[in-house]
There are 2 protein chains.
Amino acid sequence: MNKTYRYPPTESQERSEVLASILCEEIIKGQLEPGEKLSEATIGSRFEISRGPVREALRRLSERGLVDFVPNVGARVARMSLTDMLDLLEVRVSLEVLAVELAALKMTQEQKVHLEKLYQNHLSMFSVKGTHSYFQSPEDLDFHYAIAKGSGNPVLVKILCEDLYPKLLVCRSQHQNIKGRGVKALKEHQTILSAISEGDAELASMFMKRHLQSARDSLKSLIEPSN
Amino acid sequence: MNKTYRYPPTESQERSEVLASILCEEIIKGQLEPGEKLSEATIGSRFEISRGPVREALRRLSERGLVDFVPNVGARVARMSLTDMLDLLEVRVSLEVLAVELAALKMTQEQKVHLEKLYQNHLSMFSVKGTHSYFQSPEDLDFHYAIAKGSGNPVLVKILCEDLYPKLLVCRSQHQNIKGRGVKALKEHQTILSAISEGDAELASMFMKRHLQSARDSLKSLIEPSN
DNA sequence: CTACAGTATATTGTTGACAATATGCAACAG
DNA sequence: CTGTTGCATATTGTCAACAATATACTGTAG
């Protein structure tokens, strides 16, 4: 039988992959304007690269919903409305409730320690930088990211981490007027954390549901002020 | 101001798009073997098309999880294990429970009528073709498809219809030994349907959860026979 | 002045050739 | 006979030119 050997695990890093993640970051950071045209030629010359890989990168971002793509017309940075954000959060609640249930049951000790460390970091960051600076920043998601991975369900991880979270970050950067909920959210993280570490799936899911639902509700009340 | 006119709404159908859906169908139908190599050149010559569009199609399928892609090596038809299927179904339960809740609240009269018709069709098909032939076929998903769309949440629709369902169909075609649950499942559809038409979100979600969870459980007991 | 038509320009879609990488085969050392 | 080494082959990654489509502009009719 023919053994095929592959010394470095093929860390291939093709150009289109690299480019896609660069563009993704720029979109999330808001360095690329919401409706901005993403011309293949322009991007290509900017990165001194041919149009082929650029095309692939754009198509990939399109599949992930970070870019609006129209055939024969081209790609533009996706424009996210507050309604889009609400829809996103609605799905997120369901999935993260599932994630935290599974995490409470299946997380390894290592993972739990990691989560605890994350929380401690956030706590200290918070006390240093003040109320609002942290919870509108991408780092807030680290906590939820760790829980998603702790679920041990690859399908769930993929949807949350590769699909929903990036889009959510784009939403946040496009609507910076929306403030995080500061101390309250951090305390909620604490309750979730302790429920997980005690392996109480039911309680953890309940806390998570409240945590995310209240975030969504506050956004909703902002969009429909009175009723 | 410059009016730009676009008579046919740009039904562009680029080759890569067409090819992707053809390959998708062939994978779902099992005409392409699970681990089979998908060579760009081979596919290209088969459809009398250049490698460029073929690449794009394969990348798209890779993003959707129907194809395993390794840089510098190429694409193969995704090989789905029963564990993959369990993970898939676990996420599906959460999302469809959400979908049916929303559907019960927000479906239009038209949509409800459509769903009713679907159910009637399934009923008659069922009485003609016998117990098992229907519920392992793709048509079973039509019912769930309609509910997903009835949720009115585009994010949810995309994940269910473009991500989860195709993969689920691939799983089914790769494990044809797994039988549907026949009459029982059809009756469950009926209970869900009536809960929706009465706008009872709570009841609908409960029935949906039982419906899908029992499907998953029967698969699970098949994978771990005794405990 | 406005609305439309036709043309010019720019951008995307596709192709075939070339470069880089991985796979398969054969010869060789132990 | 086993395992390794090097070369030949095949496949993927990238590029630059060409074709098809959409956008922008200009001129003309009303």
Side-chain angles (χ1 to χ4, degrees), chain A residues 1-23 27 32-33 35-64 66-79, chain B residues 1-23 27 32-33 35-64 66-79:
Chain A
M1 195 56 89
N2 246 330
K3 265 289 182 58
T4 53
Y5 16 87
R6 183 184 295 161
Y7 325 87
T10 301
E11 194 75 47
S12 160
Q13 292 289 44
E14 4 163 3
R15 305 215 197 197
S16 67
E17 179 67 42
V18 177
L19 179 58
S21 57
I22 293 178
L23 291 177
I27 292 175
L32 295 170
E33 294 288 319
E36 187 173 343
K37 184 74 199 294
L38 296 172
S39 154
E40 296 176 0
T42 306
I43 296 176
S45 64
R46 183 180 149 210
F47 290 95
E48 291 181 7
I49 199 180
S50 165
R51 272 181 55 216
V54 176
R55 270 180 83 79
E56 286 189 9
L58 290 177
R59 297 313 247 275
R60 206 169 301 193
L61 293 176
S62 155
E63 285 280 325
R64 293 185 198 168
L66 301 186
V67 154
D68 284 336
F69 189 85
V70 181
N72 284 312
V73 173
R76 291 179 174 279
V77 177
R79 206 189 288 273
Chain B
M1 196 54 93
N2 247 330
K3 266 287 182 60
T4 53
Y5 17 87
R6 183 184 297 159
Y7 326 89
T10 302
E11 194 71 51
S12 160
Q13 293 289 44
E14 4 164 0
R15 306 215 197 200
S16 67
E17 179 66 44
V18 177
L19 180 57
S21 55
I22 293 177
L23 291 176
I27 292 175
L32 295 170
E33 295 289 319
E36 187 172 343
K37 183 76 199 293
L38 295 172
S39 154
E40 295 175 1
T42 307
I43 296 176
S45 64
R46 183 178 150 211
F47 291 94
E48 292 181 3
I49 201 180
S50 166
R51 271 181 54 215
V54 176
R55 271 180 83 80
E56 285 189 10
L58 290 177
R59 298 313 249 274
R60 208 168 301 191
L61 293 176
S62 155
E63 285 281 326
R64 293 185 198 168
L66 301 185
V67 155
D68 285 335
F69 190 87
V70 180
N72 284 314
V73 174
R76 292 180 175 278
V77 177
R79 207 187 287 273

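Letters go in sequence order (proteins before strands), and every chain restarts at 1.
Once rounded to the nearest 0.5 Å, the distance linking CG of Leu66(A) with CG of Leu38(A) reads 10.5 Å. The line from CZ of Arg79(A) to CD of Glu33(A) is 9.5 Å long, rounded to the nearest 0.5 Å.
Following rounding to the nearest Å, Phe69(B) (CZ) and dT11(D) (C1') show an atom-to-atom distance of 11 Å. To the nearest angstrom, P of dA19(C) lies 17 Å from CG of Asn72(B). To the nearest angstrom, P of dT12(D) lies 9 Å from CG of Leu58(B). Between the CD atom of Glu56(B) and the P atom of dG13(D) there is a distance of 13 Å, given to the nearest Å. Asp68(A) has its CG atom 15 Å from the P atom of dT12(C), to the nearest Å. Summarising the geometry, the separation between CD on Glu36(B) and P on dT11(D) is reported as 14 Å, rounded to the nearest angstrom. Rounded to an integer number of Å, the gap from CD of Glu14(A) to P of dA22(C) is 12 Å. Per the geometry, CZ belonging to Arg59(B) stands 8 Å off P belonging to dT14(D), to the nearest Å.
Lys37(B) has no side-chain polar atom (N or O) that falls below the 4.0 Å cut-off from OP1 or OP2 of dA10(D).
The two atoms that bring Pro53(A) and Leu19(A) nearest to each other are O-CD2, 4.5 Å, heavy atoms only. The two residues Ser16(A) and Arg60(A) come nearest to each other via the heavy atoms OG-NH2, 3.2 Å. Shown here for Thr42(A) and Ser39(A), the closest heavy-atom pair between the two residues is OG1-OG, 3.0 Å.
Of all nucleotides listed (dG13(D), dT23(C), dT12(C)), dT12(C) comes nearest to the side chain of Arg55(A).
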At a cut-off of 3.5 Å, list every protein nitrogen or oxygen paired with a nitrogen or oxygen from nucleotides 15-17 of chain C, distance to 0.1 Å.
| from | atom 1 | to | atom 2 | distance (Å) |
| --- | --- | --- | --- | --- |
| dT15(C) | OP2 | Ser50(B) | N | 2.9 |

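Between Glu56(A) and Arg15(A) no salt bridge is recorded (no basic side-chain N to carboxylate O distance below 4.0 Å).
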